[in-house]
Participant: 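So that we are looking at the same thing, I have put the structure below in structure tokens.
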Amino acid sequence: MAESRITPRSQDFAAWYQDVVLEGDMAEPAEIVKGCMVIKANGYAVWEALQRAFDDRFKAAGHQNLYFPLLIPQSFLKKEAEHVEGFSPELAVVTIAGGRELEEPYVIRPTSETIIGHFFARWIQSWRDLPVLINQWANVVRWELRTRMFLRTTEFLWQEGHTAHATHEEALEEVLRILDIYADVAENVMAMPVIKGSKTSGEKFAGALRSYSIEAMMQNGLALQAGTSHDLGQNFGKAFDVQFQTREGTLDYVWQTSWGVSTRLIGGLIMTHSDDKGLVLPPRVAPFPGVIVPIYRKDDERGPVLETARKIAADLKIKLDDREGQTPGAKFFHWERRGVPVVMELGPRDLASGNIVIKRRDSSAKETVAQTSVREKLESTLGAIQKDLYAAAKRRLEDNCVLANSIQEVEDILREVTAEKGGGKFVMAHLKDDPATDARLKEFKATVRNIPMVDNYDGPGACVVTGEQVPQRVVIAKAY
RNA sequence: CGGGCCGUGGCGCAGCCUGGCUAGCGCGCUUGCUUGGGGUGCAAGAGGUCCCGGGUUCAAAUCCCGGCGGCCCGACCA
């Protein structure tokens with residue numbers, strides 16, 4: 001009767017995304033606070049799953065969590081020239097507090113390099129104090145002009161790791177270690193394949209020596225920067241006077257890194273796996289793996305069905321939808337929209353046969369299995385869903401990476417992409433890291449996403465714009 | 001921040017251009033019966049600051065001005 005309120009992807013990808021977020025009960029616009037959203041329980045549970053995955057890995061790599069203030073003295077931002085220039089347009093500033101104008105305004109943190117730099121200076125005196133490996137889970141505010149739920153909101157949740165090292169080599173190792181963790185979680189937990197690489201100088205973090213990213217491809221072929229890891233060099237060390245005494249007794253500035261992933265990942269997750277029926281969640285990030293929908297028609301069926309369903313649900317640690325007054329059909333649609341990986345049906349027929357029906361969210365495949373083997377079946381099905389979702393996304397990524405050997409080819413491909421028909425591509429071409437080449441791509445609303453760490457192609461070649469030799473092909477794409 | 005579209009019970013909309021009965025419709029919600037393996041049917045109900053603030057008018061959801069918020073495009077950015 002009531003049709004799905006989800007716009008098909010083929011009709012309008014942006015509307016589809018919005019519909020999936022809303023119908024999946026992931027989040028909704030805050031409405032009274034511009035550019036902000038309410039992350040609803042179904043969405044927050046996904047965030048918690050991601051937090052656990054990252055946090056476990058950070059801790060295993062020796063990092064500790066702590067917490068810095070939300071408010072940062074405005075002067076701190078100004079200490080690193082590039083940093084302030086990069087962030088000033090998007091700062092929210094507190095000028096009045098306690099009913100009085102502040103002598104020095106505070107900015108609401110857009111990121112915490114500066115305030116952490118200040119404390120690093122207090123905490124670090126000797127090479128023996130290094131490395132410092134810390135992380136904080138926090139909210140940040142960036143006054144964005146255009147917002148989209150999860151992908152870009154004024155306030156968002158993230159983790160920001162900050163480390164200080166005695167040598168550049170060690171810092172760089174850290175940057176890449178974190179990039180590996182990001183890729184690991186993206187691929188093995190979120191089932192979202194990514195390309196690890198370094199950003200071009202034009203795309204790097206404000207204040208960094210060099211930035212690295214993982215880039216994912218959404219179903220419409222647009223790129224999404226899903227995580228970044230920065231080699232800050234000694235820039236912040238110098239700006240905040242973070243010096244330490246070396247083994248040799250000399251003074252040196254620390255080498256710092258910073259890295260972060262945000263709730264944006266959830267947007268990426270949605271645009272990687274979901275379909276026209278709604279949200280699709282990989283089992284490893286789903287709030288719960290499955291739900292049982294009991295089916296009965298007569299009162300004398302209801303009791304036994306519910307009893308068995310309850311037992312199985314408790315046994316498997318999955319949910320039982322025992323709401324009265326909702327038909328099974330309505331319940332199926334409900335859980336489908338919310339992306340629950342498997343839905344099980346249990347009715348009188350199953351009770352008689354000792355079976356249970358198990359249905360996959362991703363493929364819609366339905367299977368009847370003996371109740372005695374449902375545990376194994378659930379486990380193997382969840383494993384298969386996780387694996388198949390990754391494989392499908394991986395195939396899409398590979399199929400939509402195309403080679404271009406001249407600027408003409410690059411532009412021809414990008415022109416099609418800008419047609420907004422969801423046929424986005426990652427264009428792999430030799431291109432020099434240069435403002436001039438950036439400008440050339442900008443005409444097509446494309447950017448260099450990154451320079452892959454692993455070159456899957458043909459090594460060095462001539463830049464399609466300047467003709468100069470460059471070491472490898474880069475990823476060029478339109479991006480969120 | 002510029003351009004476009006939009007804001008009416010919980011949700012989706014009609015009404016607005018051309019001001020005027022009691023602001024309608026579908027879904028949802030409540031109650032009862034019914035139904036139940038992919039959105040069951042029938043009946044009776046509840047539910048409204050028409051985004052906010054001004055203005056014009058005898059009279060404003062409707063016209064005018066100013067805000068706020070959302071979506072899309074653009075410029076800027078995780």
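Throughout, protein chains are lettered first and strands after them, A, B, ... in sequence-line order, and every chain is numbered starting at 1. Values in this document were obtained by computation on a predicted structure and should not be read as measured data.
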Participant: Less than 6.0 Å separating the ring centroids of A:Phe119 and A:Phe240?
Facilitator: no

Participant: Distance check, C1' atoms only: B:C16 and B:A60, in whole angstrom units.
Facilitator: 10 Å

Participant: Using Watson-Crick or G-U wobble pairs with both distances under 3.5 Å, give me RNA chain B in dot-bracket, 5' to 3', with [ ] for crossers and | for pairs to another strand.
Facilitator: ((((((((.[[[[.)....(...]]]].(((((.......))))).....[[[[[..)....]]]]])))))))....

Participant: Give A:Arg148 one of three labels, base, sugar-phosphate or nothing, depending on what nucleic acid heavy atoms sit under 4.0 Å from its own.
Facilitator: sugar-phosphate

Participant: Heavy-atom nearest nucleotide on RNA chain B for A:Lys366 versus A:Thr263: which residue maps closer to 5'?
Facilitator: A:Lys366

Participant: Have a look at A:Glu336 and say if it touches a base, only the backbone sugar-phosphate, or nothing, with a 4.0 Å heavy-atom cut-off.
Facilitator: base

Participant: Would you mind telling me which of B:C76, B:G39, B:G37 lies closest to the side-chain atoms of A:Arg337?
Facilitator: B:G39

Participant: Applying a 4.0 Å non-hydrogen cut-off, can you work out what A:Asp12 is touching in the nucleic acid: base, sugar-phosphate, or nothing?
Facilitator: nothing

Participant: Test your reading of the model: is there a side-chain donor-acceptor pair from A:Asn42 to the backbone of A:Gly24, 3.5 Å cut-off?
Facilitator: yes

Participant: So if I take every side-chain heavy atom of A:Asp350 and compare against B:C71, B:A78, B:G37, which nucleotide ends up nearest?
Facilitator: B:G37

Participant: B:C76, B:A78, B:C71: which one has an atom nearest the side-chain heavy atoms of A:Thr147?
Facilitator: B:C71

Participant: Would a line drawn from the ring center of A:Trp47 to the ring center of A:Trp158 be shorter than 6.0 Å?
Facilitator: no

Participant: Which of the following nucleotides, B:C71, B:G37, B:G69, is nearest to the side chain of A:Lys34?
Facilitator: B:G69

Participant: Say we look at B:G15 and B:G55: how far apart would their P atoms be, to the nearest angstrom?
Facilitator: 29 Å

Participant: By the 4.0 Å heavy-atom rule, please label A:Lys442 as base, sugar-phosphate, or nothing.
Facilitator: sugar-phosphate

Participant: Please report whether the ring centroid of A:Phe54 lies less than 6.0 Å from that of A:Trp259.
Facilitator: no

Participant: For residues 187-196 of chain A, which side-chain donor-acceptor pairs fall under 3.5 Å, sequence neighbours excluded?
Facilitator:
unit_1   : atom_1 : unit_2   : atom_2 : d
A:Glu187 : OE2    : A:Val194 : N      : 2.9
A:Asn188 : ND2    : A:Asp184 : O      : 3.4
A:Asn188 : ND2    : A:Asp184 : OD1    : 2.5
A:Lys196 : NZ     : A:Asp180 : OD1    : 2.5

Participant: So A:Phe156, base contact, sugar-phosphate only, or nothing? Heavy-atom distance under 4.0 Å.
Facilitator: base

Participant: With heavy atoms under 4.0 Å as the rule, sort A:Glu144 into base, sugar-phosphate or nothing.
Facilitator: base

Participant: Just to be sure I understand the rule, does A:Ser213 reach a base, reach only the sugar-phosphate, or reach nothing, if contact means heavy atoms closer than 4.0 Å?
Facilitator: nothing

Participant: Mind checking if A:Val357 touches a base, just sugar-phosphate, or nothing, with heavy atoms under 4.0 Å?
Facilitator: base

Participant: Want to settle it: does A:Gly35 or A:Ala479 sit nearer the 5' end of RNA chain B, counting the closest nucleotide to each?
Facilitator: A:Gly35

Participant: Could you tell me whether A:Lys331 and A:Glu345 have a side-chain N and a carboxylate O separated by less than 4.0 Å?
Facilitator: no

Participant: Counting the atoms with a prime plus P, OP1 and OP2 as sugar-phosphate, which does A:Glu345 contact under 4.0 Å by heavy atoms, base, sugar-phosphate, or nothing?
Facilitator: base

Participant: When you measure from the centre of the six-membered ring of A:Phe76, is the NZ or CZ of A:Lys79 closer than 6.0 Å and no more than 45° off the axis?
Facilitator: yes

Participant: Would a distance-only check, ignoring hydrogens and angles, find a side-chain to backbone donor-acceptor pair under 3.5 Å from A:Glu367 to A:Ile356?
Facilitator: no

Participant: Base, sugar-phosphate alone, or nothing: which one does A:Leu151 contact when heavy atoms must sit under 4.0 Å apart?
Facilitator: base

